[in-house]
Amino acid sequence: MNSSLKISVIVPCYNQAIFLDDCINSLLNQTHENWECILVNDGSTDNTEEKALEWQKKDSRIKYIKKQNGGLSSARNKGIQNITGDFIQFLDCDDFLYKEKFKKSLKQINQPINNTVIITDFQRFDNQTKTDLPPHCILEDGYFNQKDILLKWDNTFSIPIHCALFSRDIIEKYRFSEDLKAKEDWIFWLQVYENHPKTYFVKEYLLAYRMSSAGMTNNEFFMYENKTKAIKKLEEIIADKDILREFFRQNLLNTMNENFHLMERIKLLGYKRTMKYKIEKVLKIFGLKKQK
């Protein structure tokens with residue numbers, strides 16, 4: 001029966017045409033063949049459109065949508081508007097799935113399928129060395145609840161969005177926050193687990209997350225700015241005020257600790273500059289350092 005279930009794959013594309021073949025081939029190789037792929041060109045300036053149209057001609061399951069650049073969340077939301085499947089798979093253009101991702105995911109479930117999330121494990125792919133790497137965290141069954149996603153995200157674990165298949169009713173209820181350029185996945189996961197979805201976990205590497213040193217996530221100020229924006233949304237999402245207070249308590253303590261270490265570094269830097277000045281002054285007195 002699960003072979004009749006259709007999966008809608010939403011692939012946002014922005015100037016990553018170089019990876020598009022790998023991404024789509026990972027879909028063509030799926031042992032579960034009942035899927036559609038919605039390629040959303042988010043205003044790319046490279047040859048994304050050319051490649052996407054070529055793929056659309058090759059396989060009727062591939063649909064192409066072009067829009068003005070609005071960011072990753074905007075592209076995903078545009079794709080959501082065009083889904084026809086029972087489950088939705090988000091897949092960034094530079095990532096790829098292993099061939100049994102869909103089949104082994106759908107094998108887990110029984111009817112009814114509403115309010116269902118199927119999560120599989122992942123590993124990283126080093127784009128420079130073309131080698132597989134262990135995941136950045138260990139996923140466990142016990143993490144898939146709103147409390148842990150709120151309190152332990154980034155500290156203990158995080159879930160790449162393409163680990164999951166989401167039942168259609170979940171995706172039709174929520175959208176990605178378009179004002180966020182990072183942490184949008186965190187907010188989305190928190191929304192999804194607001195209604196305690198039935199969750200199945202396949203502890204097997206069935207997809208690859210491509211690592212790139214040029215990614216936006218390596219910009220600390222960028223990430224801090226977007227985390228601040230994301231935190232402001234929590235009161236609208238988290239109904240349990242006790243865990244919300246615990247989150248803010250933890251964040252306050254972490255911020256105080258970070259500020260303390262920052263002050264220590266500033267103090268040390270000032271000490272080093274003072275010592276350098278004193279040493280240079282002594283050297284000048286003894287004629288060991290030329291006057292400017």
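Nothing fancy with the numbering, it's 1 onward along the sequence.
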In chain order, what residues pass the salt bridge (charged side-chain N to carboxylate O under 4.0 Å, His left out) check against [X], with sequence neighbours excluded?
X	value
Asp22	Arg210
Lys103	none
Asp95	none
Lys229	none

Does a donor on one side chain sit under 3.5 Å from an acceptor on the other, for [X] and [Y]?
X	Y	answer
Tyr14	Asp92	no
Asp21	Trp55	yes
Glu49	Asn41	no
Lys173	Gln191	no
Thr199	Tyr193	yes

Is a donor on one side and an acceptor on the other found under 3.5 Å between the side chain of Trp153 and the backbone of Trp186?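 Answer holds: no.
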Run the side-chain contact (heavy atoms from CB on, under 4.5 Å) test on Leu20 and Cys13 for me, step by step, so that the C-alpha distance in whole Å, both residues' side-chain angles and the decisive distance to 0.1 Å come before the verdict. CA-CA 8 Å; Leu20 191 55; Cys13 308; 4.1 Å; yes
Mind running side-chain contact (heavy atoms from CB on, under 4.5 Å) on Cys163 and Ile161 for me, showing each step along the way? CA-CA 5 Å; Cys163 286; Ile161 198 72; over 6 Å; no
I'd like to check the side-chain contact (heavy atoms from CB on, under 4.5 Å) partners of [X]; sequence neighbours left out, ordered by chain and number.
X	answer
Glu178	Ser73, Ser74, Asn77
Glu36	Lys6, Ser8, Ile38, Lys63, Ile83, Thr84
Ser60	none
Ile138	Glu140, Lys203

Relative to each other, are the rings of Phe166 and Trp189 parallel, tilted or perpendicular (30° and 60° limits)? tilted
Calculate, to the nearest 0.5 Å, the distance between atoms CZ and NE2 belonging to Phe90 and His162 respectively. 13.0 Å
Under the ring pair (Phe, Tyr, Trp, His ring centres under 6.0 Å) test, which residues partner Tyr98, sequence neighbours left out?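 Residues passing ring pair (Phe, Tyr, Trp, His ring centres under 6.0 Å) with Tyr98: none at all.
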Test of understanding: with ring pair (Phe, Tyr, Trp, His ring centres under 6.0 Å), list the residues that count as partners of Phe87, not counting sequence neighbours. none
Distance-only check: which donor-acceptor pairs under 3.5 Å involve side-chain atoms of residues 232-239, not counting sequence neighbours?
{"residue": "Lys233", "atom": "NZ", "partner": "Asp179", "partner atom": "OD1", "Å": "3.2"}
{"residue": "Lys233", "atom": "NZ", "partner": "Asp179", "partner atom": "OD2", "Å": "3.1"}

Quick note, ring-ring contact (aromatic ring centres under 6.0 Å, His included) partners involving residues 129-149, not counting sequence neighbours, are Phe122-His136, Tyr143-Phe157, Phe144-Phe201
